[in-house]
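Read through the structure below, which is laid out as structure tokens, and then see the notes.
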Amino acid sequence: MHDSGEVHIPIGPQHPSLKEPESFLITLRGEKITAVNIKIGYNHRGIEKACEERTYIQDMYLIERICGICSHSHSTCFVQAVEEIAGLQVPPRALYIRTLVAELERVHSHLLWLGVAGHEVGFDTLLMYAWRDREVVMNLLASLTGNRVNYAINTIGGVRRDVSANTLEEAASAADILEERTKYYIGIVTTETTLINRLSGVGKLSPQDALRLGAVGPTARASGIARDVRADDPYAAYAELKFKVVTDNSCDVYGRTVVRLKELLESISLIRQVIKNLPDGPIAVKAPRRIPAGEAVSRYEAPRGEDLHYVRANATDKPDRVKFRPPTLANVQAVAHMLQDRYLADLPIVVAAIDPCFSCTDRLLSLDRGGQIEKTVLTWEQLRQSSIEHYQREGIDFSALNKKLADKM
Amino acid sequence: MVKELFQLFVFPGVLFLFVFGLSAEFIDRKLCARLQNRVGPPWFQPLADFIKLLAKEEVVPEEADVSVFKLMPVLALSASITAFLYIPLSAQSAIYSFNGDVIVVLYLLTMPTLAYFLGGWYSRSVYAMIGAVRSLNQLFAYEVPFFLAILASALLANTWSLSGMAAFYSAHPGYWLFNLLGFAVALLSLLGKLEKVPFDIPEAETEIVAGVFTEYGARFLAFLRMSMNVEMAVGSSLLAAVFLPFGLRLGLAGGFILYLVKVFFIIALISLARTAVARLRLDQMINLCWKFLAPLAFAQVLLNLIIKGVIAR
């Protein structure tokens, strides 16, 4: 507490409203927020670097694990880039299956978000109901791909598993249940007074600001900006399917909720179209182990917004460089703006309304302290050596074991 | 002497209230869970939680004022237990009563909130301090409609004693129906007093962790939670005595069962309210209390004054 009457409260890195470690240092005057200091980087895992050390096939599974919710988004985005470099023609059936999994993933992600949003404003009943109904789509994904999350359906040149007629029937009946439930939630969100009170007018982001701060996905669409990679730059089977880009002009958290709920209906209609029009044929083409030299950028509309992957190949079986720009990295800039002059009580829902995924977003941070600290760049070998020395100082020494291993080989 | 000790410590004193408070917590939690499509806890869960908390290691924050920090849970618990002694349960009179005890009960029921405030403030954690300030802010909002609603009922009975009110309403059956508006206002204010959704602003988990309770653990937390439970039981009993004063001549067993039914009905209404809505913001809560609840309570006072005038004639 300071004499100025301002209080600093840390939301994170560990806090009940955050599902992943991230730091929001809030300056409060009474209940009003006067400043927000967002620090990312608590969840950095060095996946981009790790990708350079692994083959394309291994990378696919690693990239799938960037995020637990939009795992298919990342792997598809990466695979599309690699296929572009290698010049592979993916069979249409594979594209349709990718689209099917992508839309099911969007349904499960948006239902998950709805539950989290309910919890952030203290409406736990909504959380329980939304997550119960999310089980329908999770079970469907499990029977479709074998996994509830990290579906591992993609491979370079197509998909790994075909879908049977039985599963398609299951998907069609699941779509009916989901449509009914979604309509129920639209009813709740648009009529429940306490919920509307907590959502509308909160976290305002004008269309100009949305463009200026580079917002993507439902965050941008709720500010009236019809931006959707599926429509703007169609990939997979989206060019052949009919859907509407849902927008809303209320520019607040309420708008973001409505956009996501209406997108659920669009996704369910897309799922039905895929089931109806699924073409016959092979599900994959053979991909070379070594990808020819070249580079590609691939875009994908993840549930949270535009995902962007850059891949540079150097004619080996490992990529030369991989770079991700997940949707949260684009949206997180807008959060500080949305929180200006809001109440502390609005913070959790405003942060949650961009549907943040910090494990997608976290990057290596380099603090600029006015040149007081000398920066050095270590090579891979130097880094390895320094970690071996660090553990030797701690009394952990593997050199004897390493020597034994080397002798055996 | 033995009778008094029995009344203080066994029935309807400390022991009964402990069991009653734990049952109230269980019913609230189980009903809430079933309404939210969950399984919910087994019947002994509140007791198990209480015992487990008693066994935990005590941690007092370094910055905290040790004596206040330790005293407040006990103060909160004893205040809500004391309030219970003046509330008539099944019969027309409570164990202790005097003209003016309704004011004392309302005052004693305010004590826990003040204790939470002091405990939170002196634990010197930002979350607890914000929670403390919020609970005090909220107190000023719900207390006025709560007092007015209960006093309106007392006004009609023309007595300031809860036992006197019980006697009046059993002598004039059907009169309690005039107070239904006041009952609704008092029930909503009680939600604020018990810090339940939509008024759980002082302990909003997603904003300030556990508010006032953030730094509390072990037996202090056990006592705080127990005082919350007892407050819920006592608050519901107060509402049952003031607004649902019928069937008070059923004898000991029948009257007691009817009393339990009334209290659990009120607790069920609380659970229903907290599963059906989202948490309000502090400014919205204060607006609601001053713009809607307080005028409605005033309307009840006015209505009762008019009815009284008609009766007197």
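Sequence lines set the chain letters: A, B, ... in the order given, protein chains first and strands last, and positions in each chain run from 1.
The closest side-chain heavy-atom distance from H8(A) to V126(B) is not below 4.5 Å. Inter-residue side-chain proximity for Y343(A) and L282(B) is flagged as unmet; no heavy-atom pair is nearer than 4.5 Å. Between R279(B) and D124(A), the closest side-chain pair of non-hydrogen atoms is not below 4.5 Å. Residues C32(B) and T125(A) have side chains not in contact (no heavy-atom distance under 4.5 Å, counting atoms from C-beta outward). Residues R132(A) and Q36(B) form no side-chain contact, since every pair of their non-hydrogen atoms from C-beta on lies 4.5 Å or further apart.
Checked by atom type and distance alone, the side chain of R198(A) never pairs as donor or acceptor with a backbone atom of A278(B) at under 3.5 Å. Looking only at distances, a side-chain donor or acceptor of Q284(B) sits under 3.5 Å from a matching main-chain atom of N197(A). Judged purely by atom type and a 3.5 angstrom limit, Y127(B) has no side-chain atom pairing as donor or acceptor with the backbone of I9(A).
For V202(A), the part sitting under 4.5 Å from any heavy atom of chain B is the side chain, from C-beta outward, and nothing else. With a 4.5 Å cut-off on non-hydrogen atoms, E120(A) touches chain B through its backbone and its side chain both. Looking at R281(B), the atoms closer than 4.5 Å to chain A (heavy atoms on both sides) sit in the backbone and in the side chain alike. With a threshold of 4.5 angstrom between heavy atoms, A210(B) does not approach chain A through any atom at all. At a 4.5 Å heavy-atom cutoff, the contact between V197(B) and chain A is made by side-chain atoms alone. Only the side chain of L28(A) comes within less than 4.5 Å of a heavy atom of chain B; its backbone N, CA, C and O stay farther away.
Counting heavy-atom pairs under 4.5 Å between each of L347(A), D346(A), L195(A) and chain B puts D346(A) at the top. Chain A forms more heavy-atom pairs under 4.5 Å with one residue of I201(B), T275(B), L35(B), N137(B) than with any other, namely T275(B).
For the atom pair OG1 of T193(A) and CG of L280(B), the computed distance is 9.5 Å after rounding to the nearest 0.5 Å. Atoms CG and CE, from N37(B) and M128(A) in turn, are 10.0 Å apart once rounded to the nearest 0.5 Å. Atom OG1 of T194(A) is separated from atom CE of M285(B) by 14.0 Å, given to the nearest 0.5 angstrom. Of the inter-residue distances, the one linking F123(A) atom CZ with R274(B) atom CZ reads 13.0 Å to the nearest 0.5 angstrom.
At most 12 heavy atoms of other shown residues, nucleotides or ligands fall within 6.0 angstrom of atom CZ in F298(B). Applying the 6.0 Å contact sphere to CD of Q14(A) captures no more than 12 heavy atoms from other residues, nucleotides or ligands. The 12-atom threshold is not exceeded at NZ of K262(A), counting heavy atoms of other residues, nucleotides or ligands nearer than 6.0 Å. The neighbour count for Y122(B) OH, taken as heavy atoms of other residues, nucleotides or ligands under 6.0 Å away, does not exceed 12.
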